[in-house]
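Input: a single structure, listed below in structure tokens.
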Amino acid sequence: MLEKHYDPKKVEEGKYAKWKEGGYFTAGDKSKQPFSLVIPPPNVTGKLHLGHVMDTIPDDIIVRYKKMKGFDVLWVPGMDHAGIATQAKVEEKLRKQGISRYDLGREKFLEKTWEWKKEYGDTIHDQWEKIGLAVDYSRERFTLDPGLSNAVKEVFCTLYEQGLIYQGERIINWDPVLKTALSNIEVIHQDDEGEFFYFIYDVVDSNEKLIVATTRPETMFGDTAVFVNPKDKRYAHLIGKKCINPANGEPLPIMGDEYVDITFGTGAMKCTPAHDPNDFALSKKYGFPLIKVLDESAHMNELAGKYNGMDRYECRKSLVEDIKASGHLDHIEKFVHSVGHSERSGVVVEPMLSKQWFVKMKPLAERVIAQQNSKDKVEFFPPRFEKTLLRWMNEVEDWCVSRQLWWGHRIPAYYDKKTGEVVVSRTPLDPEKYDQDEDVLDTWFSSALWPFATLGWPEKTPDYDRYFPTSVLNTGYDIIFFWVSRMIFQSEHFTDQVPFRQVIIHGLIRDPKGRKMSKSLGNGVDPIDVIAEYGVDALRYFITTNSTPGLDMRYSDEKLQAASNYLNKIWNSVRYVEMTLGDYQPKEIDFKACGPLEKFILSRLQKTIKTVESKMEKYQFANASSALYDFVYDDFCSFYLEMSKVTLADPAQADLVKDVLYYVVRSIVLMIYPYTPFIGEELYQSLPFAKPSIMEESYPEYRKDFVSNPAEKQGNLLREILRDVRGYKSDQGLAPNAPVEIYLSPKAPFQGIEDYLTRFLFAKKVEFGKELPQGDVFSYGDFGLALKQDIDVEEAKAKLSKEIETLHFEIARGEKMLGNPGFLAKAPKEKVAAEEEKLSANKAKLAALEARLKELN
RNA sequence: GGAUGCUUAGCUCAGCGGGAGAGCAUCGCCCUUACAAGGCGGGGGUCGCAGGUUCGAAACCUGCAGCAUCCACCA
């Protein structure tokens, strides 16, 4: 027997181990159709947060649902080495011990990082277990394992051979703390308040002065020219002359180019080819030298003269002072502008000229665009996110893939010690003759291969044959560019197939005020705390059923409480059914022998199954669960379960009612189970005929032979009567259980209705008669009901009048609608018929109420 | 500058072409033998604004406003 109250802690204990040991997570049943997905691999940087819960629980629901639907489901688990992020964490840890990575050297440092990986990998495993992920551990992968490394080498070398990877000197985003290049999307732009310095440049051989504005005075040592727009009347005559750089006294040519925006600043712009991407482009056009003035930690080099060795900001400060002292500072303005920060270290990135490896994106992106125009494309849920992907593909720039880190896939490029020539090779070259490139690849380079490399690619493995392309991928909109887009282009380029047929994009979870959860705000919520308070099932239910696909959601204690209450409700309804079953062994339902309310609940259940299934297929978990929720509360618990107490008391009907109760409650458990597997298993096990695990069960099937529209109508009518009379009592200030006398007109909606009225309206008397007595009357088409009270005639008349008034309103509406030729001609037939029926019912009701009013007068 | 989303009850959000819904909050009544973390019954909304399409608009179209996010630019 179940306990009176649902206790998540007791329910959750031991279940995961049982599933895991029972082999329920392992794929491979060849008699079934395959269905596959890969987990979005969490970074081994720390423990899981609510974002991971959002990434994985929808997958888990899909996995459990698809298993019940008879698929051979493979869910590949794994983790990401997360190059920069992990290395930054390990370095931070070492720094606290006063050690730098250079003190350790590459090999020792990597050892330390593997230790870190082991520790955090274990934590992540624990947490997967805690939240109940049905992942196939026999297929677990890591982005740095030998298989993935092999795939990475294969991809790098092939792209190189195809001319799609090249090495080039370009302006890249440099993180001066982590001392590595970053790709464009690893740079976060935010509006910072800065200063706009207006400096005076003396024009050579002239008395004229040119005022040039800059936000970055320290880069003036790398300037090669000053540009003005040739159409700018103020300056056109200066083109061809020279002016003096106030930072170092060097003469700079004044040049004309339409690139310059006349309206911005003073209309005169300095050009720093080695430290600004736009200036770099200009320099290519005019063949300027590329002068670097900053080193890899963003300190000034010898070109900065007396500022040599200073940090960029220190240099800026003293340089400005010196220029001011020389009389070349015009003024300084406050200026809010967008500044790039490193996603990982947070420091202001330095655009810097550097030799890096790049992936040539255009051909890869074009393939994706073509694929998305074909029938065999990746389908997005919700569809609008396809536009996000295509926009990126259309605008994409070459991808800088080299990182000056140690933790990652080392670039398989080698330099001839004598000639310096580059050789890219799948196998290591002789270290006597060659030095391997020191850099590693961007983490996303390996993540991009995740769906096929985890299944064995480039080998032709059985898993790859059977499970690729994967069926679906679920992830947040924030990593569409980082990850989704890259998996798509790599997969299409290398496997000639999409990596997954469908992508579900979810929003982000925010704090209760709608702010992003972040360390600095201290508003993060630890899933483990939530689980301790409400249980995993409530967390899972909350997170998957309280948001619209693709939109953000807010964390809410109230909703977790509500989820927990709902589960308690289901728990108790199962408990009630088990109490009524006792030793009885339910059997197949004899539908024909069922009473109207049994037919009602069976029919309602079928429609619920149908709705839930169709929403599940579209991954609309909020809609699926709310259909089930409505059924559980409104149809079952609040209504049928109560009503069944009447029929259960009749020995002739009791067994049949028990069959129905068992079937309904079992269906509810099976449908809630993918959302809340722990309580699902617990309740399932407590029911008769349980298999060793609910994971062996199949999903409830829609049974057309259990559908009865007339029975639903009868049930709804009884519900309406109960509500009316209860409402009446409440209006009259009577207690819900105040006794009443009820009189019914002969044409009752179904036989035996009096038993329900007696019990649930606390009627001390229910009588049928041709004439309804003096009292309050309720009319339901051709059926009427009266309550015998010592009534206040005036009050009763007022109430009747009010009801009549609203009926008139309703009838007028119906008549207007049905009198509209446009409506009759264009509206669907069913709609017209429904309106006609409603109208005639209202008319009958009106007639009855009017007759009643007349009687009272 | 470009794109996308949001604006519906006090709060958080569904609904997205046929009479405004849920959870929480609120009010009233009830310890009725599954559940008081409960039951029953209420109250509460010119669905951001303005036009348009339609027999019919919260829903579709156009414009506007506010909020949010992303991309690009910012000498």
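Hydrogens, waters and symmetry mates are skipped; everything else that's a heavy atom, side chains included, is used. Proteins come first, then strands; the chains are lettered A, B, ... in the order of their sequence lines, and each starts at number 1. Here the structure is a predicted model, which is why all the values come from computation and not from measurement.
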Spacing between A:L818 atom CG and B:G19 atom P, to the nearest angstrom: 13 Å
Pairing nucleotide - B:A59, Watson-Crick or G-U, each distance under 3.5 Å: none
Interatomic distance, A:I332 CD1 vs B:A75 P [rounded to whole Å]: 17 Å
Side-chain N or O of A:K829 closer than 4.0 Å to phosphate OP1/OP2 of B:G18: no
Separation of atom OH in A:Y576 from atom P in B:A34, rounded to whole Å: 7 Å
Sugar-phosphate, base or nothing in reach of A:Y534, heavy atoms under 4.0 Å: nothing
Note: A:E218-A:R312 ion pair, threshold 4.0 Å (strictly below): no
Paired nucleotide for B:C11 [Watson-Crick or G-U wobble; both distances under 3.5 Å]: B:G23
Short side-chain donor-acceptor distance under 3.5 Å, A:N229 and A:D261: no
Nearest-Å distance for atom pair CG/P, residues A:L787 and B:G41: 15 Å
Donor-acceptor pair between A:Q561 and A:N565 side chains, under 3.5 angstrom: yes
Step-by-step side chain to side chain contact (heavy atoms under 4.5 Å, CB included) determination, A:F381 to A:I505: CA-CA 6 Å; A:F381 293 79; A:I505 301 292; over 6 Å; no
Pair A:E578-A:R575, salt bridge (Lys or Arg N to Asp or Glu O under 4.0 Å): steps then yes or no: CA-CA 5 Å; A:E578 286 170 8; A:R575 178 167 166 262; over 6 Å; no
Strand partner of B:C64, provided both Watson-Crick or wobble distances fall under 3.5 Å: B:G48
side-chain N/O A:K645 vs B:A34 OP1/OP2, d < 4.0 Å: yes
Donor-acceptor pair under 3.5 Å, A:E810 side chain vs B:G19 base: yes
Side-chain N,O (A:K831) to OP1/OP2 (B:G18) below 4.0 Å: no
Proximal nucleotide (of B:A34, B:G28, B:G19) relative to the A:S730 side chain: B:G28
Rounded interatomic separation in angstrom, taking CD1 from A:I668 and C1' from B:A34: 13 Å
Base of B:G41 paired with side chain of A:K729 (donor-acceptor, under 3.5 Å): no
B:G39 phosphate, OP1 or OP2, under 4.0 Å from A:K569 side-chain N/O: yes
Touch class at under 4.0 angstrom, heavy-atom based, for A:D261 against every strand present: base
Selected nucleotide, minimal atom distance to A:H337 side chain, candidates B:C29, B:G18, B:A75: B:A75
Whole-Å distance separating the CZ atom of A:F636 from the P atom of B:G39: 14 Å
Atom pair distance, as rounded to whole Å: OH in A:Y201 and P in B:A75: 13 Å
Polar side chain donor-acceptor pair, A:N394 to A:R391, under 3.5 angstrom: no
Rounded distance (Å) that lies between atom P of B:G19 and atom CD of A:E837: 15 Å
Charged N-O contact under 4.0 Å between A:D552 and A:K516: no
Sugar-phosphate only, base, or nothing, as touched by A:G727 at under 4.0 Å among non-hydrogen atoms: sugar-phosphate
Sugar-phosphate or base contact per nucleotide [nucleotides 9-14 of chain B; S, B, -; heavy atom under 4.0 Å]: ---BSS
Side chain A:R813 and base B:G19 donor-acceptor under 3.5 Å: yes
Closest to side chain of A:P736, choosing from B:A34, B:C30, B:A75: B:C30
CG on A:D478 to CZ on A:F482, rounded to 0.5 Å: 8.5 Å
Pair A:K285-A:S283, side-chain donor/acceptor within less than 3.5 Å: no
